Amino acid sequence: MEALKKFDGAYWRELFDSRVGKTTWPYGSGVWSKKEWVLPEIDPDDIVSAFEGNSNLFWAERFGKQFLGMNDLWVKHCGISHTGSFKDLGMTVLVSQVNRLRKLKRPVVGVGCASTGDTSAALSAYCAAAGIPSIVFLPANKISIAQLVQPIANGAFVLSIDTDFDGCMKLIREVTAELPIYLANSLNSLRLEGQKTAAIEILQQFDWEVPDWVIVPGGNLGNIYAFYKGFKMCQELGLVDRIPRLVCAQAANANPLYLYFKSEWNEFKAVKANTTFASAIQIGDPVSIDRAVYALKNSNGIVEEATEEELMDAMAQADSTGMFICPHTGVALTALMKLRKSGVIGAGDRTVVVSTAHGLKFTQSKVDYHSKEIPDMACQFANPPMQVKADFGSVMDVLMKYLGDKAPKH
Ligand SMILES: N[C@@H](CCOP(=O)(O)O)C(=O)O
């Protein structure tokens, strides 16, 4: 009974009154009533929901209208998944095949990858579920804590190597040529077979109406090709009659594809990737460069880039509309902002931004931004917590000011 009492409105009301004194609750007595709530009817247009129709395709209504003057902007959230990124889509296919190979007594002792965080999280989770050893090469001190802890907790053999992702990638390719370790990076087509399902799902979610644009953040560049593959497959099957134009969005600090595009596909040069908050795409020598170029050329595609300040501002703006995105999605949104500004993407174009990972994997970057602790960055959309003395008057003062600023001006 005592436990049940806690759910009784009167109990809380009593507690509230005894601590704060009698107050007038302005939102109707129903809030504290013991009776069951009867919700008033609501206009469907007023429903505030994270999900529009399907589970992971959001209509970014407020962001689109407020920052871009767009009414048909969507976010395909691939981070709502088991390990929090789109890598799950590909890894379930790859690890399933490895499982089969092992049952056929093929000499696969373990599965390995180089990673900037998300790939290793997915690989280690699926391998752990199947009881297959996983080996991951991570660039030391270059991935978020949330990402690092995933393969560790999943029981992978984690090598923290004093190099960058490109160095890890080079090493794992050399090692897998010598040892019975199956390479799980996205140069393995099995990964792409899984990842391309996100494109098919987008079309299905739009009832087979093709969006005008799909914007994908790009680092190792397997995913932009996977999207192309999925869309192309649907076109070849006659499910749709065209494919969307693809945009690959890179961080300016790791932009070899962007530079190649700007040279009108004249000459590709790998770059030394500099530190970026979009750490999962901090890659200077992408393994899927040729496939990405093929995808972009065959979809009338574009490559854009985002500086650190641009991507962090875009992330903060998106978060302020409730999105809580990862920095890579900030890169994609920056690309969209630039293409909207130049008029390449029109106000009425149906556009899908691919959100590649869950924002909770990148909380440190958000904390740094909102604390305004990033050198040479204005952090213009920062929303730091307000320090306030623990007394009623001080709290009332700041709240009155806040509410005064926020009150609708009629
Ligand atoms: N961003 C990736 C880098 C590895 O790319 P992959 O496409 O080969 O898996 C990661 O999360 O590790």
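Remember, it's 1-based here, ligands and their atoms both numbered in the order they're listed. The structure displayed is predicted, hence computed values, not measured ones.
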- Can you check whether A114 has an N/O within less than 3.5 Å of an N/O in ligand 1?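 N/O-N/O distance under 3.5 Å: no.
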
- Message: If you measure every N or O of R191 against every N or O of ligand 1, does any of those distances drop under 3.5 Å?
- Response: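 N/O-N/O distance below 3.5 Å exists for this pair.
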
- Query: Hey, are K170 and D285 close enough for a salt bridge, meaning a charged N less than 4.0 Å from a carboxylate O?
  - Reply: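 A salt bridge is absent here (no side-chain N lies under 4.0 Å from a carboxylate O).
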
- Task: Please write down residue, atom name and distance for the protein heavy atom closest to atom 7 (O) of ligand 1.
- Result: S186 OG, 2.6 Å

- Query: Please state which protein non-hydrogen atom is closest to atom 3 (C) of ligand 1 and give its distance, to 0.1 Å?
  - Reply: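 Protein heavy atom with the smallest distance to atom 3 (C) of ligand 1: T116 OG1, 3.5 Å.
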
- Of the choices L94, T119, L138, which has the non-hydrogen atom that lies closest to atom 4 (C) of ligand 1?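 Result: the heavy atom closest to atom 4 (C) of ligand 1 is in T119.
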
- Item | Per atom 8 (O) of ligand 1, closest listed option by heavy atom (N223, N185, V287) |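 Ranked by closest heavy atom to atom 8 (O) of ligand 1, first place is N185.
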
Run the contact test for [X] against ligand 1 with a 4.0 Å cut-off on heavy atoms, strictly below, and give the result.
X	value
G222	no
G117	yes
M169	no

- For the rings on Y260 and W265, is their centre-to-centre separation under 6.0 Å?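 Close enough - the centres of the two rings lie under 6.0 Å apart.
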
- Task: Compute the ring centroids of F277 and F362, then answer whether they are less than 6.0 Å apart.
- Result: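 For F277 and F362, the ring centres are not under 6.0 Å apart.
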
- Determine, for Y126 and K87, whether the Lys NZ or Arg CZ falls below 6.0 Å from the six-membered ring centre while staying within 45 degrees of the axis.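 No; the conditions do not both hold, so K87 does not lie above the ring face of Y126.
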
- Item | L239 CG: over 12 foreign heavy atoms closer than 6.0 Å |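 Above 12, so yes.
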
- Message: Looking at D162, I'd like to know if its CG atom is crowded, meaning that more than 12 non-hydrogen atoms belonging to other residues, nucleotides or ligands lie closer than 6.0 Å.
- Response: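 Check fails, neighbour count at 12 or below.
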
- Task: Just jot down the ligand 1 atoms closer than 4.0 angstrom to any heavy atom of F165, in number order.
- Result: 3 (C), 4 (C)

- ligand 1 atoms in contact with S115 (distance to a heavy atom under 4.0 Å): 10 (C), 11 (O), 12 (O)

- Message: Evaluate D397 against K401 for salt bridge (charged side-chain N to carboxylate O under 4.0 Å, His left out), listing each step before the verdict.
- Response: CA-CA 6 Å; D397 283 351; K401 176 163 179 354; over 6 Å; no

- Item | salt bridge (charged side-chain N to carboxylate O under 4.0 Å, His left out) assessment of E193 paired with K229 | CA-CA 8 Å; E193 288 306 306; K229 220 170 174 241; 2.3 Å; yes

- Note on the structure: With heavy atoms and a 4.0 Å threshold, my read on which part of N220 contacts ligand 1 is side chain

